[in-house]
Protein chains: 2
Amino acid sequence: MAQSSRKINMADVARAAGVSMATASRALNNDYGVAEATRRRVLAVAEELSYVVSPEASRLAGGATGRVAVVVPHISRWFFATLLEGLESVLRAADLDVLLYHVDGIEDRHDFFHRLPARRKVDAVVVLAFPVGEEEQRRLELMGVTIVAAGGQHAPYPNVCIDDETAARQAMDHLLFLGHRRIAMIAAVDPDQPDEVQPSGRSNAYYAALRDAGIPVDEQLVETVNWGGTKGADAMAKLLSLREPPTAVYAHSDEVALGAVRTLRRAGLRIPEDVSVIGIDDHPVAELTDLTTVRQPVREQGELAGRMLLRILRGEETEHDVVVPTQLVIRGSTAPPRS
Amino acid sequence: MAQSSRKINMADVARAAGVSMATASRALNNDYGVAEATRRRVLAVAEELSYVVSPEASRLAGGATGRVAVVVPHISRWFFATLLEGLESVLRAADLDVLLYHVDGIEDRHDFFHRLPARRKVDAVVVLAFPVGEEEQRRLELMGVTIVAAGGQHAPYPNVCIDDETAARQAMDHLLFLGHRRIAMIAAVDPDQPDEVQPSGRSNAYYAALRDAGIPVDEQLVETVNWGGTKGADAMAKLLSLREPPTAVYAHSDEVALGAVRTLRRAGLRIPEDVSVIGIDDHPVAELTDLTTVRQPVREQGELAGRMLLRILRGEETEHDVVVPTQLVIRGSTAPPRS
DNA sequence: GACTGTTTCGGAAGCGTTTCCGTTGCCGAA
DNA sequence: TTCGGCAACGGAAACGCTTCCGAAACAGTC
């Protein structure tokens, strides 16, 4: 019997399970009003026939799409990719499909927010690792879908993130505790994000820590660069050209810190004997390069956001803001200052 | 007249333009068989009513889904994420949506090919950065959609990749040229991939290069580890415990190479004076750590795969296999052996 | 035993397109 | 004048689901 190969639909499943389409639909969607035995039978048949509902038809008829959009910048960078990885894993476990929207640069970003609302392609959107501007918020509202954020800072949506200020403070306090008083900061800004939404907790903490330690701020010790390691290297070079260079460097991220390390090494300086370096994130290469840093649980943030979304989608209550803890990881790039 | 606010559909447009739905549809889709004047009228009306076709309905009725599935392991690793980034950018520019399927581990992988969660949801699937087993190929066929591969090795589908053997050979030849004769290899295997599909070009080249140089193989100098940097560190430790340690180390990837570097540094050895280290990939951190390596254009591979797919989807001819070139990047981790 | 309430389930009406088949109208050729 | 051919267009059947509404079955209550 070489028939088949025809595309099977819900009617086939219903027939095979000996129920009506209505019941089949309810069973497949885990809807209310289906006897447990019936549901199981339908599910079994569906599995057997390796049937999947057509999202188009489902959506057309008024159901959910089973899709969620994930908006994320800079996928190729560890932090963002890892966040995505965590999120994807829980979403997919829940049988939701992930629509990936990579937005690098203001332009992309604008484009995304401008056109997504037109098409109702998803049940929800997750904004990963960047703050959402006001205009953009308005566009999102317009879609009328669930929204969740993660990895960025305080968002107007259910959100999971770290406390940047605390994390930064942990780094600074470690340096201070070691006895450093001349501490430089290499701040990183994302050139692809509008200035107004740049989170600044990591900078604030620098000043706060210094103030609390009674150390006057020397603005020469503060460098601001675009994200990315090579920029960190340049900044370090500038710092080394000061009459009185720092004994320790606090970088906004491990990548930037690594850039600084390169410059220091090339200058023949030893780490940590001559200069201490600390980063934030606990990027995998931090472990490989013996870099002291402040760890943030990245994958977990993605996972938590995913679970949060699931709960909301199910109509359950959920906390609005989740802040995950960070932790100082001491490796070989920090030590007390010489003398 | 506060009527309206009802969602307008193609029927409304057709009516307003004084044509049938059939004609409206054809006009909107730029199909054949519509008088120019009519088409313009329909388009004008649609614009006026700010009407957009419902993608769901459109697809239900027989159009393409406008989506493509991307299957990729280890997103959080630079190589995979970058490939994805390149692919996504061209796909999205072509107005295709990307459905992300992350498969880490045999299990995930099996699950994906077994359940084929993407079936009926996409027009094509792109397999990123891993070889597809025979059984898996059979499952994929089952979806009856276009398939393209990238970043893995020789695939039975249209494919873009580097020539692993050539790349590895470039690394080895560099070491050989510098005068090294005692060269170790730290080979990396992916524990998440079935053995049968592990590409081995990077290993083959080691033996071939040695043979061509007339250097006998010392199996003690070959270490095989799982992907990931810390494993590279362990392997290096083993290598250093040999009676006659290598003067140079060729690692299958930059990450593994970095692991080796850490061990060497901890042992107080200088790079490259005491030991040379070379990797493959040109991972961003290679630049930050002054690591000599063989660059492969990763983002481009993703982009090329995307364009290839686009061409196929449009029914155009396209080359079946694209091999992109690799290139030696000399930095500070390699030098002639001492004395 | 009649009645009410609760589950479980089926019929069938959409949802908004595309596309298969025709039909109509017009032009030039015979 | 008739007719074949062709471009332009219309009717209506899918497409595959969700959900409203009502029927049936059954349990519990007085």
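Just so we're on the same page: letters track the sequence lines, and every chain starts at 1.
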Under-4.0 Å side-chain N/O to phosphate OP1/OP2 contact, A/S58 with D/dT18: yes

Using whole Å, what does the distance between atom C1' of nucleotide D/dT19 and atom CG of A/N30 come to? 17 Å

Would you please confirm or rule out a distance under 4.0 Å between OP1 or OP2 of C/dT6 and any side-chain N or O of A/Y32? no

Within-4.5 Å side-chain heavy-atom neighbours: B/L43 and B/R39: yes

Nearest-Å distance, CG (A/L28) to C1' (D/dT19)? 15 Å

For atom CD1 of B/I8 and atom P of C/dG16, their distance in whole Å: 11 Å

In whole Å, what is the span from the CG atom of A/L60 to the P atom of D/dT19? 13 Å

Expressed in angstrom and rounded to an integer, what is the separation of A/R40 atom CZ from C/dT8 atom P? 13 Å

N/O (side chain, A/N9) to phosphate O (OP1/OP2, D/dC15) under 4.0 Å: no

Take B/E36 and A/D31, find for each the nucleotide of DNA chain D with the closest heavy atom, and name the residue whose nucleotide sits nearer the 5' end. B/E36

Determine the sole option in B/R120, B/K121, B/R67 for which the salt bridge (charged side-chain N to carboxylate O under 4.0 Å, His left out) test with A/E56 is passed. B/R67

Taking 4.0 angstrom as the limit, do A/R307 and A/E300 come out as a salt bridge? no

What integer distance in Å separates B/R120:CZ from D/dC15:P? 11 Å

Which heavy atom of B/H102 sits nearest a heavy atom of A/E85, and at what distance? CE1-CG, 3.1 Å

Map B/R41 and A/N29 onto DNA chain D by nearest heavy atom, then report which one ends up closer to the 5' terminus. B/R41

Would you kindly give the CE-to-P distance between A/M10 and C/dC9, to the nearest whole Å? 15 Å

Out of the candidates A/F80, A/F79, A/F130, only one should pair with A/H74 under the ring pair (Phe, Tyr, Trp, His ring centres under 6.0 Å) rule; please name it. A/F80

Could you check B/Y101 against B/V72 for side-chain contact (heavy atoms from CB on, under 4.5 Å), going step by step and ending with a plain yes or no? CA-CA 6 Å; B/Y101 292 95; B/V72 48; over 6 Å; no

Within less than 4.0 Å of OP1 or OP2 of D/dA8, is there a side-chain N or O belonging to B/T38? no

Under a 3.5 Å cutoff, is there a donor and acceptor pairing between the side chains of A/S50 and B/R119? yes

Which parts of residues 17-26 of chain B get close to DNA chain D, meaning a heavy atom less than 4.0 angstrom away? B/G18, B/V19, B/S20, B/A22, B/T23, B/R26

